[in-house]
*Asks:* 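Handing you a structure now.
This structure is a prediction, so every number in the text was calculated from the model and none was measured.
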Amino acid sequence: MSKPKQPSIEYRNYLLPASFPLIILGGEKWRISDIPSPTLHFHNCLEIGLCRSDGGTMRFRNTEQPFHAGDVTILSSNVPHTTYSDPGTASLWNYIFVNVEELFFPYFPVEVIGNHDVLSRMIREFYAVLSREKYPDIYWLVSSIIDEMQKQESNYQFSVRGLMLSLIVRLLNIYIQQEGGADVAYSENSLAIAPALHYIRTNYMLDFPMDKLAEVCELSPTHFRRLFSAVMGFGPLEYLNRIRITHATTMLRTTEHPILDISEDVGFHSISSFNRHFSEIVGMTPSNYRRQLSLAGDRSILKCTGWLTPPSEV
């Protein structure tokens, strides 16, 4: 007997506004068909959905969960998924698409939140259906963000950033509790190293001395290194390499670029150095990672760009 045909996977590169990378989608056209799509998709940003009516099924990777009116769905950037409504219905949705790191980045680097490694995983791996009854605070925060974005009153962007920060911290605690960890912690020294985190995030692909990071924080190199290690749990060079490897993993999953080109694009000028750091951080070589953990596996990836309305037919 032949193996069941695996669904293809679309990669959707949604273009968010550079100055405020958050967008709301809604209205009557955002009704989800009751016809299951043969194609899963994932995208380059966090998707938060609010089901306004009816119900249906959401498929994540190889699992399925039901959803109902009032539920909030969380879909991180690397999670293949699809949604379809109950037979004879067309559920109505609002969606938030957001680049979390870039949204806070000018004011509040998310790395200063405790459990930052877990936060990074959550932004890229978390998926859930959260009911209004069990998580009324999540429902309120998501509804408030949508309301602020629709009204766009004076200084609404600051309000949205505050609400989104509260939402991310709450989701992080839910994610940590599911993993059996501790609640989110915060260091009083975190903001002192924020300029260095900002500098690394914008210049990770370049060569620069570590003393440059102390300079942007207006600290002595010795005090900066001690403070950075106390807050982050490791030194600035290791953090820089982690940022580079994080970008490399995304490229390995979502492109067919040669590994040498990827290593150079993220700032490594020696393939042996790239392979060594990748193996230390990820636990396997880049070639094994691409082969074993590719989102597509042995399925095809179709690339598309732009906002797609829900499919009305297969």
*Asks:* Do D265 and H247 pair up side chain to side chain, a donor and an acceptor below 3.5 Å, judged on atom types alone?
*Replies:*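 No.
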*Asks:* Do F20 and R161 come close enough that some side-chain heavy atom pair is under 4.5 Å?
*Replies:*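 Answer yes - side chains close enough.
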*Asks:* To the nearest 0.5 angstrom, please state how far the CG atom of D137 sits from the CG atom of L167.
*Replies:* 9.0 Å
*Asks:* Any non-hydrogen side-chain atom of N275 less than 4.5 Å from a side-chain atom of P286?
*Replies:*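 SC-SC contact between N275 and P286 confirmed.
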*Asks:* Would R242 and F234 count as a cation-pi pair here, with the cationic atom under 6.0 angstrom from the ring centre and within 45° of the axis?
*Replies:*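 Yes, a cation-pi geometry holds between R242 and F234.
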*Asks:* Can you find a heavy atom in the side chain of Q178 that is under 4.5 Å from one in the side chain of I174?
*Replies:*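 Yes; the side chains approach each other to less than 4.5 Å.
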*Asks:* Please report whether the ring centroid of F97 lies less than 6.0 Å from that of H43.
*Replies:* yes
*Asks:* For the pair H81 (side chain) and V79 (backbone), establish whether a donor and an acceptor sit closer than 3.5 Å, ignoring hydrogens and angles.
*Replies:* yes
*Asks:* Within a strict 4.5 Å, meaning less than it, do heavy atoms of the F67 and S131 side chains meet?
*Replies:*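 No, side chains not in contact.
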*Asks:* Do L171 and I138 make a side-chain contact, defined as non-hydrogen atoms from C-beta onward lying under 4.5 Å apart?
*Replies:*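 Of all side-chain heavy-atom pairs linking I138 with L171, at least one is under 4.5 Å.
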*Asks:* Could you check whether atom CZ of F208 has more than 12 heavy atoms from other residues, nucleotides or ligands sitting under 6.0 Å from it?
*Replies:*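 Count over threshold, so yes.
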*Asks:* So V100 and L103, side chain to side chain contact (heavy atoms under 4.5 Å, CB included) or not? Walk me through it.
*Replies:* CA-CA 5 Å; V100 173; L103 183 71; 5.8 Å; no
*Asks:* If you measure only the distance, is there a donor-acceptor pair under 3.5 Å linking the side chains of T285 and N288?
*Replies:*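 Their side chains do contain a donor-acceptor pair, which is all the 3.5 Å distance test asks for.
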*Asks:* Can a side-chain donor-acceptor contact be found between S272 and S270 if the only test is distance below 3.5 angstrom?
*Replies:* yes
*Asks:* Can you tell whether the side chains of R31 and E28 come within less than 4.0 Å, N to carboxylate O?
*Replies:* yes
*Asks:* Could you tell me whether the side chain of Y135 reaches within less than 4.5 Å of the side chain of R170, counting heavy atoms only?
*Replies:* yes
*Asks:* Taking the inter-plane angle between the rings of W93 and Y95 on a 0 to 90° scale, is it parallel (under 30°), tilted (30 to 60°) or perpendicular (over 60°)?
*Replies:* parallel
*Asks:* Is the closest side-chain donor-acceptor distance between S159 and E148 under 3.5 Å?
*Replies:*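 There is such a pair between these side chains.
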*Asks:* Ignoring hydrogens, what is the shortest heavy-atom contact between R132 and D71? Give both atom names and the distance.
*Replies:* N-OD1, 3.9 Å
*Asks:* Okay, side chain of D147, backbone of S143: is any donor-acceptor separation there less than 3.5 Å?
*Replies:* no
*Asks:* Got a second to check how far L213's CG is from I193's CD1, nearest 0.5 Å?
*Replies:* 10.0 Å
*Asks:* Is R244 positioned over the aromatic face of F268, cation under 6.0 angstrom from the ring centre and no more than 45 degrees off axis?
*Replies:*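 Ring-cation test returns yes.
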